[in-house]
Peer 1: 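Input: one structure, supplied below.
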Amino acid sequence: MRTDAIAAELTQARTKGSLREIQIPPCPELLARLRAAMALREPDLSEVQAVASSDVAMGATLLRVANSPVHLGDGAPCVSVGQAMTRLGLMHTVSLMSSFLVRHALPVKSPHLQRFWERSHKRSVAMEFLAQRIPGMHAALASSHGLFCHVGMPVMLQQVRGYGATLVEAGARIDRPFVATEDANHRCNHAVVGALTVRAWGLPAVLMASVRLHHDFSVLGDAGVESEVQGLVATGLLADHLMRRHEGLSPDADWQQQGERVLDWLQLSATDLQEWGDLLEPLLDEVF
């Protein structure tokens, strides 16, 4: 399904389907400013720093990460947002800021989604790491996919009656995919709601498509789906697998069923998987 077809599907679902009653929260103003600064041919570093400094808690997050053992090394601790940005680098700074802003725009206060935003940020870090090693992938887009691919869950949890129970059921069932349980119970799922959120927030169409399709591995090798979207879907599952490995969890059903296919599509070996997983470990340790 191409990006334009997905956009048409979302429009139809929004106007005629079960999604009519779901209200998509507005995009945070600071996130819109951050993305506008990064969309320029030469990113506006002064504006990025201004956005980072405009929220005390966000600036404190950058300083905390910049002064963590992974980044501090033998250097002196950073004492300003500008110093933290320099130490972290632009891409990592923007990733941390995006995670902070989205997390506070969509707060999760439910036992059904414990550590949701922590894990979303870990996935974003893993995606950025992988994109730097997989030819043809854009690190910023990959990072955004990791952050947004499950963003439909907190939106649905806030607005769809009974969705908390659905999360428990969908996580426990092994006879059908997670989104199939959501569809059966609510006639919509987090992949569709997440894609609607991405579109409503003015994020790239490729990201909208990858979020919509992130559980649909039939797209791999499908000439009707843009290769960039396929890459994000494949790498997203790999990132999830490495994140679960970091957390000491067993491979999930998607990896057990599709992991070999994903590695083949990405042209990666078991050795690559092991080596990259080892290199990623300290980066995920800093997420707290």
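Side chains included, hydrogens not; waters and symmetry mates left out as well; all remaining heavy atoms used.
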Peer 1: Starting from Met91, can I reach Leu280 by hopping between I/L/V/M/F/W/Y residues whose side chains sit under 4.5 Å apart?
Peer 2: no
Peer 1: Supply the atom-to-atom distance Asp252 CG to Phe178 CZ, rounded to the nearest 0.5 angstrom.
Peer 2: 11.0 Å
Peer 1: Is any side-chain N of the basic residue among Glu29 and Arg33 closer than 4.0 Å to the acidic one's carboxylate O?
Peer 2: no
Peer 1: Please assess Leu242 against Glu281 for the test side-chain contact (heavy atoms from CB on, under 4.5 Å), listing each intermediate value before the final yes or no.
Peer 2: CA-CA 9 Å; Leu242 293 177; Glu281 289 282 333; over 6 Å; no
Peer 1: I'd like to check His190 versus Cys149 (side-chain heavy atoms, cut-off strictly below 4.5 Å). Are they in contact?
Peer 2: no
Peer 1: Does Ser250 form a side chain to side chain donor-acceptor pair (under 3.5 Å) with Arg244? I'd like the steps, not just the answer.
Peer 2: CA-CA 7 Å; Ser250 301; Arg244 289 180 66 86; 6.0 Å; no
Peer 1: Is it true that Val79 and Leu88 fall in one hydrophobic cluster, defined by side-chain heavy atoms closer than 4.5 Å?
Peer 2: no
Peer 1: So, is the end of the Arg133 side chain (NZ or CZ) under 6.0 Å from the ring centre of Phe129 and within 45° of the ring's axis?
Peer 2: yes
Peer 1: Is there a continuous path of hydrophobic side-chain contacts, each under 4.5 Å between heavy atoms, that joins Ile6 to Leu19?
Peer 2: yes
Peer 1: Any side-chain heavy-atom pair from Val233 and Val262 closer than 4.5 angstrom?
Peer 2: no
Peer 1: To check you understand the geometry: which heavy-atom pair defines the closest contact between Gln23 and Val155, and what is its length?
Peer 2: O-CG1, 4.3 Å
Peer 1: Has the side chain of Ser95 got a donor or acceptor atom that lies under 3.5 Å from a matching backbone atom of His92?
Peer 2: no
Peer 1: State which residues pass side-chain hydrogen bond (donor to acceptor under 3.5 Å, both in side chains) with Asp216; sequence neighbours excluded, sorted by chain then number.
Peer 2: Ser218
Peer 1: Among all residues two or more places apart in sequence or in another chain, which pass the ring-ring contact (aromatic ring centres under 6.0 Å, His included) test with His241?
Peer 2: Trp255
Peer 1: For His145 and His138, test the side chains for any donor-to-acceptor distance below 3.5 angstrom and give the result as yes or no.
Peer 2: no
Peer 1: Could you measure the distance from the CD1 atom of Ile24 to the OG1 atom of Thr197? Nearest 0.5 Å is fine.
Peer 2: 3.5 Å
Peer 1: Can you tell me how far the CG atom of Leu232 sits from the CG atom of Leu237, to the nearest 0.5 Å?
Peer 2: 13.0 Å
Peer 1: Check step by step if side-chain contact (heavy atoms from CB on, under 4.5 Å) holds for Trp276 and Ile134.
Peer 2: CA-CA 11 Å; Trp276 290 3; Ile134 296 173; 4.0 Å; yes
Peer 1: Report the distance from atom CG of Leu157 to atom CD of Gln159, rounding to the nearest 0.5 Å.
Peer 2: 10.5 Å
Peer 1: Hey, are the side chains of Thr15 and Arg20 touching, using non-hydrogen atoms and a 4.5 Å cut-off?
Peer 2: no
Peer 1: Does Trp201 reach the main-chain N or O of Ala32 with its side chain, forming a donor-acceptor pair under 3.5 Å?
Peer 2: no
Peer 1: Hey, quick one: are Met38 and Met127 part of the same hydrophobic cluster, counting side-chain heavy atoms closer than 4.5 Å, chains of contacts allowed?
Peer 2: yes
Peer 1: Please answer: with hydrophobic residues joined when any side-chain heavy atoms are less than 4.5 Å apart, are Met156 and Val168 in the same cluster?
Peer 2: no
Peer 1: Can you tell me how far CG of Leu10 sits from CZ of Arg14, rounded to the nearest 0.5 angstrom?
Peer 2: 10.0 Å
Peer 1: Do Glu169 and Asn185 have side-chain atoms, one donor and one acceptor, less than 3.5 Å apart?
Peer 2: yes
Peer 1: Evaluate whether atom CD of Glu260 has more than 12 neighbouring non-hydrogen atoms of other residues, nucleotides or ligands under 6.0 angstrom away.
Peer 2: no
Peer 1: Work out which heavy atom in Trp265 is nearest to a heavy atom in Gly221; give both atom names and the distance.
Peer 2: NE1-N, 3.4 Å
Peer 1: Any heavy-atom pair between the side chains of Met243 and Glu247 that's under 4.5 Å?
Peer 2: yes
Peer 1: Can you confirm whether Arg212 sits close enough to Val192 that some side-chain heavy atom of one is under 4.5 Å from a side-chain heavy atom of the other?
Peer 2: yes
Peer 1: Does Glu21 reach the side chain of Val160, with side-chain heavy atoms less than 4.5 Å apart?
Peer 2: no
Peer 1: Given side-chain contact (heavy atoms from CB on, under 4.5 Å), test Leu238 with Leu273 step by step and report yes or no.
Peer 2: CA-CA 9 Å; Leu238 178 57; Leu273 185 65; 3.2 Å; yes
Peer 1: Checking Ser143 side chain against Ala139 main chain: does a donor-acceptor pair fall under 3.5 Å?
Peer 2: no
Peer 1: Restricting to non-hydrogen atoms, name the atom on Val206 and the atom on Glu228 that form the minimum distance, rounded to 0.1 Å.
Peer 2: CG2-OE1, 3.8 Å
Peer 1: Could you walk me through whether Ser124 and Glu128 pass side-chain contact (heavy atoms from CB on, under 4.5 Å), step by step?
Peer 2: CA-CA 6 Å; Ser124 177; Glu128 181 181 341; 5.6 Å; no
Peer 1: Nearest 0.5 angstrom please: Asp254 CG to His215 NE2, how far?
Peer 2: 6.0 Å
Peer 1: Side chains of Val229 and Val219, heavy atoms from C-beta outward: is any pair under 4.5 Å?
Peer 2: no
Peer 1: Taking the side chain as every heavy atom from C-beta outward, state whether Ser99 and Lys122 have any atom pair closer than 4.5 Å.
Peer 2: no
Peer 1: If you apply the rule side chain to side chain donor-acceptor pair (under 3.5 Å), what do you find for Thr11 with Arg199, and how did you get there?
Peer 2: CA-CA 10 Å; Thr11 298; Arg199 185 173 73 166; 3.0 Å; yes
Peer 1: Can you give me the closest heavy-atom contact between Leu101 and Pro28, atom names plus distance?
Peer 2: O-CG, 3.9 Å
Peer 1: Answer with yes or no whether the side chains of Ser120 and His150 bring together a donor and an acceptor at under 3.5 Å.
Peer 2: no
Peer 1: Within the distance-only criterion (no hydrogens, no angle test), does the side chain of Ser53 pair as donor or acceptor with the backbone N or O of Ala50 below 3.5 angstrom?
Peer 2: no
Peer 1: Has the side chain of Arg103 got a donor or acceptor atom that lies under 3.5 Å from a matching backbone atom of Val108?
Peer 2: no
Peer 1: So, applying side chain to side chain contact (heavy atoms under 4.5 Å, CB included) with Cys78, which one of Leu62, Asn67, Thr86 is it?
Peer 2: Asn67
Peer 1: With a 4.0 Å cut-off, would you call Glu118 and Arg123 a salt bridge?
Peer 2: no
Peer 1: What's the shortest heavy-atom distance between Trp117 and Pro154, and which atoms?
Peer 2: CZ2-CG, 4.1 Å
Peer 1: Determine, for Arg245 against Asp278, whether the closest basic-nitrogen to carboxylate-oxygen distance falls under 4.0 angstrom.
Peer 2: yes
Peer 1: Are Arg187 and Glu182 ion-paired here, with the side-chain N under 4.0 Å from a carboxylate O?
Peer 2: no
Peer 1: Please give me the minimum heavy-atom distance between Val225 and Gln230, naming the atom from each residue.
Peer 2: O-NE2, 2.8 Å
